[in-house]
There are 2 protein chains.
Amino acid sequence: MDRLPTIEDVARAAQVSRQTVSNVLNTPAIVKPATRKRVEVAIRKLAYRPHASARRLRMRKSSTIAIRLDPMTNGISGALLDRFLHALTEQADARGIRVLLFTAADPAAEIEQIRKLRAGADVDAFVLTATFHGDPRTEWLVENDVPFVTFGRPWGANDMNNPRHLWVDVDGFAGMREATVHLIDQGSSRIGFVGWPSLSGTGDDRRRGWQAAVEERLAPGDGDLAALNLSVEDRLEDARDAVMALLESDDRIDGLVCASDTLALGAMIAAASVGRSELPIIGFDNSPVGQAIGLSSVDQTLDEVAGGALELLLGETGGDLVHRDADAGDTRHRLITPHLVIRQPLRLLAPDAGSTPTATKNAVGNHKDGKESQ
Amino acid sequence: MDRLPTIEDVARAAQVSRQTVSNVLNTPAIVKPATRKRVEVAIRKLAYRPHASARRLRMRKSSTIAIRLDPMTNGISGALLDRFLHALTEQADARGIRVLLFTAADPAAEIEQIRKLRAGADVDAFVLTATFHGDPRTEWLVENDVPFVTFGRPWGANDMNNPRHLWVDVDGFAGMREATVHLIDQGSSRIGFVGWPSLSGTGDDRRRGWQAAVEERLAPGDGDLAALNLSVEDRLEDARDAVMALLESDDRIDGLVCASDTLALGAMIAAASVGRSELPIIGFDNSPVGQAIGLSSVDQTLDEVAGGALELLLGETGGDLVHRDADAGDTRHRLITPHLVIRQPLRLLAPDAGSTPTATKNAVGNHKDGKESQ
DNA sequence: ACTCAAGATTTGAACGATCAAACTTTTGAA
DNA sequence: TTCAAAAGTTTGATCGTTCAAATCTTGAGT
């Protein structure tokens with residue numbers, strides 16, 4: 001047999017009709033147990049799997065979601081999308097959903113891609129990441145009745161409660177607050193915040209978390225918060241320079257929380273440079289780089305985010321990718337609480353006294369098959 | 001019209017038959033220009049796109065390739081797969097091929113996934129990454145006649161020239177050699193190598209590049225190479241400790257090349273720790289982290305890798321995803337030459353004298369819509 | 001034994017496209 | 001003008017599945 005087995009082959013082998021085989025696969029309850037067993041045996045013997053395209057054609061749905069792969073992952077926290085993608089793919093697979101990739105240079109191109117994928121009936125629904133204020137994509141999707149969910153809140157005031165806009169997000173406020181409270185519990189009493197320069201959105205959400213913790217637990221004097229609040233672009237150098245200036249102008253600072261691991265890494269370098277390697281610093285994202293360098297960070301539990309996204313899209317049953325319109329209002333979004341990961345930081349400057357080097361000079365003779373990194 | 005337009009709708013609108021529309025789409029040359037124009041207008045008016053599943057069913061091919069998303073991206077160089085994925089998706093799109101994701105915890109699970117995807121006729125071909133010596137996956141794929149290409153050479157002696165095994169890889173030898181030569185040209189005369197402990201594979205390929213350059217240009221004495229050759233696992237701490245020990249025991253070293261950015265970063269930290277921030281260090285992978293920190297590195301041109309992979313799989317025409325058996329022998333693989341990227345390193349310790357901090361304390365009032373990083 | 005409903009299984013049609021072959025029109029040479 | 005070949009277009013069949021309706025089987029109630 002040079003072609004894949006079809007449902008007809010199975011039917012013949014089990015001495016039943018097409019439809020009975022189909023029933024065994026899709027609605028096993030309605031087929032008599034004896035028959036069912038026979039069919040199941042035939043399926044196993046032939047290693048039969050339904051032809052996905054044929055099924056999709058008949059069912060008029062693709063059981064596929066698509067997600068855009070960002071053009072370039074920004075610096076250190078970049079792997080976030082990567083990890084989300086992994087979680088999403090894994091959980092989608094468990095629900096029998098396939099994940100398709102596409103790329104686009106800008107929002108307009110992304111809309112065009114979405115249009116094409118939809119028109120070809122290739123994709124049932126879309127997952128959008130990195131939403132921003134006044135995002136044209138969500139607007140277009142709502143207008144054109146395309147099912148979607150975003151990872152990231154709709155930051156526009158009106159959109160937030162649009163029942164057509166499903167979203168999942170991480171509670172940056174809660175995360176940053178937990179990080180700050182942790183530092184306070186560890187004895188810090190003057191904690192700075194390094195965030196991004198913007199009024200709305202993710203960054204300010206996180207800033208408010210720091211602010212809330214400080215106000216509740218430390219009762220800072222007027223102006224204190226402002227003096228401890230840095231705003232820089234998400235770049236290592238910028239964070240380093242800003243933090244260095246801050247530390248030099250204020251030597252009472254005994255803790256820093258940052259809106260991203262990129263900023264935190266810059267802060268670590270700055271602290272080390274001014275001889276304050278011991279300064280506790282907490283980042284956000286729990287990036288691989290942060291892990292490698294022993295940076296404490298707020299971890300976005302991407303499994304939960306991915307699970308939430310799929311749940312919103314498909315319903316808890318894991319069932320159909322249908323358009324859900326008249327549902328209960330509060331099932332239209334999920335706010336995931338991140339959790340703090342505390343690590344022992346790698347010291348950037350002084351030799352780590354207690355460590356034993358594992359290097360071997362000239363490893364010829366060592367036959368171990370190492371990882372083949374690319 | 002509540003359903004998507006079909007080829008029949010277009011035919012009716014243009015006053016022709018199904019098949020003529022199909023011809024306009026697939027073999028425009030055989031349709032009379034006047035008719036063609038009429039059909040094209042109708043297509044545009046109805047915004048018609050062929051139903052992907054129907055087409056796939058009839059054509060008996062899915063025009064889809066699948067790639068596994070690794071469970072966890074290892075540390076600093078992790079984003080490599082991410083960047084490759086982006087390049088692959090982009091170029092596949094240009095050829096009308098779609099990229100599907102899947103996950104698997106280990107090679108056995110990956111094979112099982114591949115089996116499922118194939119049996120469902122969901123996927124025509126597979127792209128494998130991170131090949132290793134005696135990889136069971138490639139063996140299985142060859143045996144089962146599944147079209148595939150690997151990013152990474154088959155390191156087993158026999159597999160290397162198996163005509164059924166298509167592969168693309170980056171020439172680590174050439175890359176490392178170029179990096180080493182560059183340091184020599186800049187005046188270095190005693191250059192160490194930091195690599196992985198393994199005899200075969202990627203790491204040794206890169207090591208040989210360093211070795212070749214040193215032998216050609218510096219004519220080292222016997223034993224010199226061995227003394228300058230470090231082997232550690234791909235971890236920041238390990239690299240740091242090993243390099244620190246090396247630098248302390250040999251103060252004539254005036255350059256380092258490393259098999260990965262992770263190692264290079266460890267080396268940078270070590271150099272800074274022993275007061276040798278100026279020591280030129282070159283990594284491999286050109287990772288985002290390296291970029292952020294100003295690390296010079298050997299860049300794997302992933303566009304070329306992705307392009308090569310698709311070319312091998314599809315043929316240069318971009319045409320069919322057919323099984324190519326009796327082809328010319330030398331079109332069965334591609335070895336891509338990477339190129340060196342030189343950067344001005346960010347100094348880890350001392351304040352960067354010439355920089356102007358861009359921070360603004362308490363940015364309230366700044367309404368700029370920043371990136372909404374997640 | 002007879003009827004009728006519920007249960008189990010089968011058959012014909014459809015999903016939307018392409019292929020292969022049949023049919024119609026145009027072209028060009030005798 | 002005539003006719004064969006070439007060019008252009010249409011029709012019927014098919015890919016592998018599920019839906020809807022039809023048919024066959026079983027079993028309980030009278």
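Below, read A as the first sequence line, B as the second, and so on, with proteins coming before strands; counting in each chain starts at 1. Remember, predicted model here, so these are calculated numbers, not experimental data.
- If you measure from atom NZ of A:Lys61 to atom P of C:dA14, you get 23 Å, rounded to the nearest angstrom.
- Contact annotation: B:Ser22 reaches the phosphate of C:dT18 (side-chain N/O to OP1 or OP2, under 4.0 Å).
- A salt bridge links A:Asp122 with B:Arg56: the closest approach of a Lys/Arg side-chain nitrogen to an acidic carboxylate oxygen falls below 4.0 angstrom.
- Judged by distance alone, the side chain of A:Thr89 and the main-chain N or O of B:Phe102 form no donor-acceptor pair under 3.5 Å.
- Counting only heavy atoms from C-beta outward, the side chains of A:Arg164 and A:Asp145 approach each other to under 4.5 Å.
- At a non-hydrogen distance threshold of 4.0 Å, A:Arg18, A:Gln19 from residues 12-20 of chain A come into contact with DNA chain D.
- For A:Ile111 against A:Pro136, the heavy-atom pair with the smallest separation is CD1-O, 3.9 Å.
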Given pairs defined as Watson-Crick or G-U wobble with both distances under 3.5 Å, what dot-bracket annotation applies to DNA chain C, with ( ) intrastrand, [ ] crossing, | other strand and . unpaired? ||||||||||||||||||||||||||||||

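- Checking B:Thr150 against B:His165 by side-chain atom types alone, a donor-acceptor pair falls below 3.5 Å.
- Distances shown here put a side-chain N or O of A:Asn26 below 4.0 Å from the OP1 or OP2 atom of D:dT18.
- A:Ile7 places its CD1 atom 15 Å from the C1' atom of C:dA14, with the value rounded to the nearest Å.
- Here C:dA14 presents its P atom at 14 Å from CG of A:Leu57, a figure rounded to the nearest Å.
- OP1 or OP2 of C:dC15 has not a single side-chain nitrogen or oxygen of A:Arg55 nearer than 4.0 Å.
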Can you give one letter per nucleotide of nucleotides 23-28 of chain C, 5' to 3': B if a protein heavy atom sits under 4.0 Å from the base, S if only from the sugar-phosphate, - if neither? ------

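- Remark: of the listed residues A:Leu141, A:Ile65, A:Leu310, A:Leu166, A:Leu166 is the sole one forming a side chain to side chain contact (heavy atoms under 4.5 Å, CB included) with A:Val149.
- Not one side-chain nitrogen or oxygen of B:Ser53 sits closer than 4.0 Å to the OP1 or OP2 atom of C:dC15.
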